[in-house]
Amino acid sequence: MDVYPEEYITHEAPLLVVSGLGSPERHWTIPPYPLLENGPCVTSSLPSITAPIADHLIDYFNKNDAAGMWCGRPERGVKGTRPVFRIRTVGRAYRLPPRKANSPSPSSPTSPTDDSYPTRSLHSPISPLSPDSPLYPDGVFLHIWLRKHQSLLPAVFTAFHELYVETDDVNQQNLKDNEIIASINLQRKHFLSASSGSLTQWRVDPIFSKYRGSS
């Protein structure tokens with residue numbers, strides 16, 4: 001089994017992508033995928049949370065990561081004893097797999113009315129119908145399709161944001177809150193807009209890493 005790609009022998013579990021926690025050293029390395037650099041980028045101008053609570057949360061997620069698990073049937077009457085998600089922590093920028101391959105690059109027409117160069121419908125970068133796909137022209141299945149759904153296209157995308165509580169200055173608090181709101185709105189368009197076509201569940205988790213005062 002060692003000769004098979006990892007995707008063929010990995011236990012299936014939905015992917016949970018956790019954004020905005022920890023330093024780059026604790027973030028997951030994205031596996032290669034065709035034209036991934038052309039995919040939509042879920043990004044934020046806010047820095048990742050590096051307070052101790054971020055490392056505690058990453059440790060918790062790693063402990064409950066279902067990646068690589070092969071399990072038998074659960075014990076009768078026992079619930080909640082098994083991890084559910086394959087969990088990956090990332091920074092503030094995450095690229096989703098592109099839905100369509102690149103447009104073809106036609107040769108230059110010989111005249112303004114020359115339309116002899118071919119046109120074609122665009123399909124997924126890993127579709128047998130895309131000339132740049134490893135499956136073109138008559139392939140059936142490839143491990144990178146599993147990679148797309150196991151490791152790149154999340155079932156749930158959650159973004160952590162740190163609430164500002166370092167001062168009683170209302171204006172400063174509103175300014176920081178508006179920065180978070182702008183970041184949330186920038187990210188949500190990739191999942192909740194009608195044009196995105198996304199089936200990913202998107203959520204935001206605000207946290208306090210510092211507490212002011214004695215209460």
Side-chain angles (χ1 to χ4, degrees), residues 7 10 12-50 54 57-58 60-62 64-67 84-104 121-127 129-130 132-133 142-164 175-207 209:
E7 289 80 6
T10 297
E12 294 297 329
L15 175 63
L16 167 61
V17 171
V18 178
S19 171
L21 290 178
S23 58
E25 292 76 16
R26 303 213 64 183
H27 295 162
W28 175 57
T29 301
I30 307 297
Y33 182 83
L35 302 179
L36 184 60
E37 67 278 5
N38 296 343
C41 186
V42 184
T43 187
S44 170
S45 61
L46 299 178
S48 292
I49 302 169
T50 55
L57 286 169
I58 291 176
Y60 174 81
F61 284 127
N62 289 340
N64 290 276
D65 181 15
V84 175
F85 289 97
R86 176 181 289 105
I87 305 174
R88 298 292 181 262
T89 55
V90 300
R92 287 297 189 195
Y94 183 78
R95 285 202 178 273
L96 298 169
R99 300 184 65 194
K100 300 293 184 181
N102 287 336
S103 300
S121 298
L122 298 181
H123 302 274
S124 166
I126 56 176
S127 168
L129 300 176
S130 297
D132 294 331
S133 169
L142 197 64
H143 67 281
I144 55 175
W145 186 90
L146 288 170
R147 179 178 299 173
K148 172 183 177 180
H149 293 276
Q150 289 178 350
S151 303
L152 296 172
L153 189 61
V156 180
F157 185 99
T158 182
F160 280 85
H161 290 281
E162 182 178 10
L163 297 180
Y164 185 79
L175 177 63
K176 296 296 184 180
D177 288 346
N178 287 335
E179 290 178 352
I180 294 177
I181 292 171
S183 174
I184 291 172
N185 288 333
L186 183 64
Q187 292 182 332
R188 72 193 296 269
K189 69 179 183 180
H190 295 290
F191 305 108
L192 301 184
S193 65
S195 60
S196 68
S198 173
L199 298 178
T200 299
Q201 296 293 314
W202 175 79
R203 61 175 293 170
V204 175
D205 290 293
I207 63 173
S209 63

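In this text, all values refer to a predicted model and were calculated from it rather than measured experimentally.
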Using the ring of each side chain (for Trp, its six-membered ring), is Phe157 parallel, tilted or perpendicular to Tyr94, with breaks at 30° and 60°?
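Plane angle between 30° and 60°, so tilted.
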Considering non-hydrogen atoms only, spot the tightest contact between [X] and [Y] and give its length.
{"X": "Gln187", "Y": "Ser44", "result": "NE2-CB, 3.8 Å"}
{"X": "Leu46", "Y": "Ser183", "result": "CD1-CB, 3.8 Å"}
{"X": "Ile184", "Y": "Trp202", "result": "CG2-CH2, 3.3 Å"}
{"X": "Pro34", "Y": "Pro98", "result": "O-CG, 4.0 Å"}
{"X": "Ser48", "Y": "Gly22", "result": "CB-O, 3.5 Å"}
{"X": "Arg95", "Y": "Gly39", "result": "NH1-O, 2.5 Å"}

Say you draw a straight line from [atom1] of [X] to [atom2] of [Y]; how long is it, rounded to the nearest 0.5 Å?
{"X": "Thr200", "Y": "Leu96", "atom1": "OG1", "atom2": "CG", "value": "6.5 Å"}
{"X": "Leu36", "Y": "Ile30", "atom1": "CG", "atom2": "CD1", "value": "7.5 Å"}
{"X": "Asn178", "Y": "Asn185", "atom1": "CG", "atom2": "CG", "value": "10.5 Å"}
{"X": "Arg26", "Y": "Ile58", "atom1": "CZ", "atom2": "CD1", "value": "4.5 Å"}
{"X": "Leu57", "Y": "Thr89", "atom1": "CG", "atom2": "OG1", "value": "11.0 Å"}
{"X": "Thr10", "Y": "Leu146", "atom1": "OG1", "atom2": "CG", "value": "9.0 Å"}

side-chain hydrogen bond (donor to acceptor under 3.5 Å, both in side chains) contacts in which one or both residues fall within residues 144-159, not counting sequence neighbours:
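Qualifying pairs, neighbours excluded: Glu7-Arg147, Glu12-Gln150, Thr158-Asp205.
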With side chains defined as the heavy atoms from C-beta onward, is the minimum distance between Leu152 and Pro31 less than 4.5 Å?
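A side-chain contact exists here, since the closest heavy-atom pair is under 4.5 Å.
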Got Ile181 and Glu179 here, is their nearest side-chain heavy-atom distance under 4.5 Å?
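No, their side chains stay 4.5 Å or more apart.
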Identify which one of Leu16, Ile87, Val17, Val42 satisfies the side chain to side chain contact (heavy atoms under 4.5 Å, CB included) criterion when paired with Pro154.
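So the option named by the test is Val17.
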Return the set of residues passing side chain to side chain contact (heavy atoms under 4.5 Å, CB included) with Gln201 (not counting sequence neighbours), or none when no residue passes.
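By the side chain to side chain contact (heavy atoms under 4.5 Å, CB included) rule, Gln201 matches Val156.
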Is there a side chain to side chain contact (heavy atoms under 4.5 Å, CB included) between Leu163 and Lys176 once you walk through the steps?
CA-CA 8 Å; Leu163 297 180; Lys176 296 296 184 180; over 6 Å; no
Hey, is the main chain of [Y] close enough, under 3.5 Å, to the side chain of [X] for a donor-acceptor pair?
{"X": "Ser19", "Y": "Gly91", "answer": "yes"}
{"X": "His27", "Y": "Leu21", "answer": "yes"}
{"X": "Arg86", "Y": "Leu15", "answer": "no"}

